[in-house]
There are 2 protein chains.
Amino acid sequence: MAARTPRPAGTPEDLGRTPGLRERKKQQTRYALVQAAHVLFLSQGFARTTVDEIASAVDVSQRTFFRYFANKDEVALAVMADAEDYFIECLRHRPAEETPLQALRASIVKAWRDLGNAKASGPGSISSALELMRMIEDAPTLLAAHLRRVTEQERIVVRVLAEREGLDPREDLRPTVLAAVFGSVLRAAHLSWTADREPEGPEGMIALIERHFDQLGPALTGHWRA
Amino acid sequence: MAARTPRPAGTPEDLGRTPGLRERKKQQTRYALVQAAHVLFLSQGFARTTVDEIASAVDVSQRTFFRYFANKDEVALAVMADAEDYFIECLRHRPAEETPLQALRASIVKAWRDLGNAKASGPGSISSALELMRMIEDAPTLLAAHLRRVTEQERIVVRVLAEREGLDPREDLRPTVLAAVFGSVLRAAHLSWTADREPEGPEGMIALIERHFDQLGPALTGHWRA
DNA sequence: TTGCCGAATGTCAGCGGCTGACATAATCTG
DNA sequence: CAGATTATGTCAGCCGCTGACATTCGGCAA
């Protein structure tokens with residue numbers, strides 16, 4: 001996080017301040033690394049791309065790369081990480097009248113829609129994030145890292161839900177359980193996205209997510225046989 | 001799998017046959033590696049144990065280790081893998097009258113209980129599996145690998161559920177969604193287990209799982225505020 | 001401008017996970 | 001016992017990743 005949205009050093013006061021040259025250069029380098037990495041990953045695959053390649057594509061030493069990203073996985077997942085942050089932001093601003101489940105569902109739809117409208121193409125865009133998802137699914141270590149990130153995100157969701165409803169997640173299990181269920185439904189939708197590639201663009205993904213959500217009730221209740 | 005429950009080469013007929021010396025030796029080596037690994041992991045931590053150590057503890061070359069396990073993670077998760085297989089077995093034998101959700105819940109409880117009764121201590125036992133879970137939770141790459149395994153297991157659950165209810169998982173999303181939800185509830189229970197260490201032994205874990213299941217309905221419906 | 005401080009980067013050496021290739025030794029089969 | 005299989009050892013090497021130290025660059029005040 002601190003690396004993703006860094007602050008100019010100093011008191012919390014100077015938030016809107018234009019960061020100095022040093023800070024801007026860092027942002028640039030980081031961005032360039034992400035870009036270069038994505039291009040290489042998508043063209044020749046994740047495993048067959050070495051960190052050295054990425055670094056030298058940006059004219060930076062390998063050591064520097066590892067000062068920006070803890071490992072090769074992280075640079076691949078950087079774009080998704082931003083999207084996840086935005087989702088949390090959406091969740092924080094849902095009206096209090098909504099049911100927790102409704103708030104989650106509305107947030108994820110809004111997040112996808114906004115990001116879809118924001119920048120239609122180019123690196124760091126939604127479409128490249130979607131390509132990324134396919135890549136993740138068949139690069140074992142990458143998938144593993146991604147799943148780990150997702151569960152960390154779930155922890156945050158638990159916190160936000162608990163605050164919102166004013167209860168202690170250590171006593172009341174509902175936030176934990178709901179966050180877990182929500183995460184699993186999303187993951188199922190993602191998987192389904194990578195499998196059949198029917199729907200196109202963010203709207204297709206949103207539709208898929210909705211369809212999965214609609215099956216939550218039916219899946220949990222009664223028998224399924226006709 | 002093939003490595004976990006290998007068959008003597010030949011026709012499917014000779015299933016019960018005592019495998020030859022070669023096969024027995026392989027099993028032995030494999031078992032010894034798992035054992036040595038666990039001892040080392042639990043005594044000095046996962047990261048601080050090298051593959052060379054494990055291999056030489058069993059008097060085997062490093063290269064041989066990697067012929068038995070694709071990576072260091074795999075040997076750590078081997079025990080849990082067996083437990084997961086047993087759970088699938090339980091699920092396959094649940095009576096058809098049960099609701100899918102009921103069947104899943106009953107299977108996981110039965111699996112834990114049986115494994116708990118089977119062998120109270122020693123390596124490969126439940127208690128060591130429980131210790132393992134704590135280890136997993138704070139070894140990032142290990143956690144990642146574990147999560148990947150879990151999602152693969154979910155795929156199998158989808159298949160079994162679909163067969164059981166006689167429907168096509170590509171058309172009907174309910175098996176997928178239910179399997180995902182089930183997995184997430186389990187994971188939440190596991191996490192809670194590693195956090196508070198109140199309950200002791202398999203029965204404590206079973207209780208935790210049940211408590212989480214009981215919150216499924218409440219978590220999904222209505223408002224939470226009093 | 002100058003000069004200093006701290007932060008970012010480069011360089012180098014090295015560990016450990018993991019793999020391919022080939023040789024050797026052990027089992028199996030007839 | 002002989003020849004075909006298969007497991008194992010050895011060796012060389014790539015790549016991800018890290019610590020230590022030197023160097024350069026931006027920020028800031030005299």
Side-chain angles (χ1 to χ4, degrees), chain A residues 2-3 6-11 14 17-33 36-37 40-41 44-77 139-142 144-145, chain B residues 2-3 6-11 14 17-33 36-37 40-41 44-77 139-142 144-145:
Chain A
R7 267 183 203 167
T11 63
D14 51 14
R17 271 294 181 309
T18 308
L21 171 58
R22 186 178 266 164
E23 197 60 35
R24 267 179 293 145
K25 269 202 170 179
K26 256 170 65 178
Q27 300 277 30
Q28 254 176 271
T29 312
R30 187 190 156 82
Y31 184 76
L33 283 171
L40 289 169
F41 287 162
Q44 56 187 3
F46 179 77
R48 270 185 302 281
T49 303
T50 72
V51 171
D52 286 301
E53 286 180 279
I54 303 171
S56 66
V58 189
D59 248 340
V60 161
S61 75
Q62 192 214 42
R63 194 64 182 86
T64 293
F65 174 94
F66 281 114
R67 284 196 254 258
Y68 280 87
F69 304 96
N71 47 53
K72 204 170 90 170
D73 301 323
E74 206 173 292
V75 68
L77 300 178
T141 80
L142 200 50
Chain B
R7 265 183 205 164
T11 62
D14 51 16
R17 270 293 180 310
T18 307
L21 171 58
R22 186 177 266 163
E23 197 60 35
R24 269 179 291 144
K25 270 199 169 180
K26 258 170 62 179
Q27 301 277 31
Q28 252 176 271
T29 312
R30 187 190 156 82
Y31 184 76
L33 283 171
L40 289 168
F41 287 161
Q44 55 186 0
F46 179 76
R48 270 185 300 282
T49 303
T50 72
V51 171
D52 286 301
E53 286 180 277
I54 303 170
S56 67
V58 188
D59 248 337
V60 163
S61 75
Q62 191 214 42
R63 193 67 181 87
T64 293
F65 173 94
F66 282 112
R67 284 197 253 257
Y68 280 88
F69 304 96
N71 45 51
K72 206 171 89 171
D73 301 323
E74 207 173 290
V75 69
L77 300 178
T141 81
L142 199 50

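Each chain gets a letter, A, B and so on, in the order the sequences are listed, and its residues count up from 1. In this text, all values refer to a predicted model and were calculated from it rather than measured experimentally.
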Given atom [atom1] of [X] and atom [atom2] of [N], what is their separation to the nearest angstrom?
X     : N      : atom1 : atom2 : answer
A/F66 : C/dG10 : CZ    : P     : 14 Å
A/E74 : D/dG16 : CD    : C1'   : 14 Å
A/D52 : C/dC12 : CG    : C1'   : 14 Å
A/R67 : C/dA8  : CZ    : C1'   : 7 Å
A/Q27 : C/dA7  : CD    : P     : 17 Å

### Helix axis bend for the helix from C/dT1-D/dA30 to C/dG30-D/dC1 - C1'-based end axes, five pairs, 10° rounding
20°
#### Entry: Given C/dA21, D/dG16, D/dC25, the nucleotide with the shortest approach to the side chain of A/R22
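My answer, after comparing the listed nucleotides, is D/dC25.
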## Note on the structure
Among the nucleotides C/dA8, C/dT19, C/dT27, whichever has the atom closest to the side chain of B/Q62 is C/dT19
### Query
Which part of the nucleic acid, if any, lies within contact of A/D59, taking any heavy atom under 4.0 Å across all strands shown: a base, the sugar-phosphate backbone alone, or nothing?
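It contacts sugar-phosphate atoms only.
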### Query
Looking for any heavy atom pair under 4.0 Å, which part of the strands does B/T141 touch: base, sugar-phosphate only, or nothing?
nothing
Compare side-chain N and O positions of [X] against OP1 and OP2 of [N] and report whether any pair is under 4.0 Å apart.
X     : N      : answer
A/K25 : D/dG26 : yes
A/Y68 : C/dT9  : yes
B/T50 : C/dG16 : no
B/S61 : D/dT8  : no

### Query
Side-chain donor or acceptor of A/R63 under 3.5 Å from a matching atom on the base of D/dG19?
yes
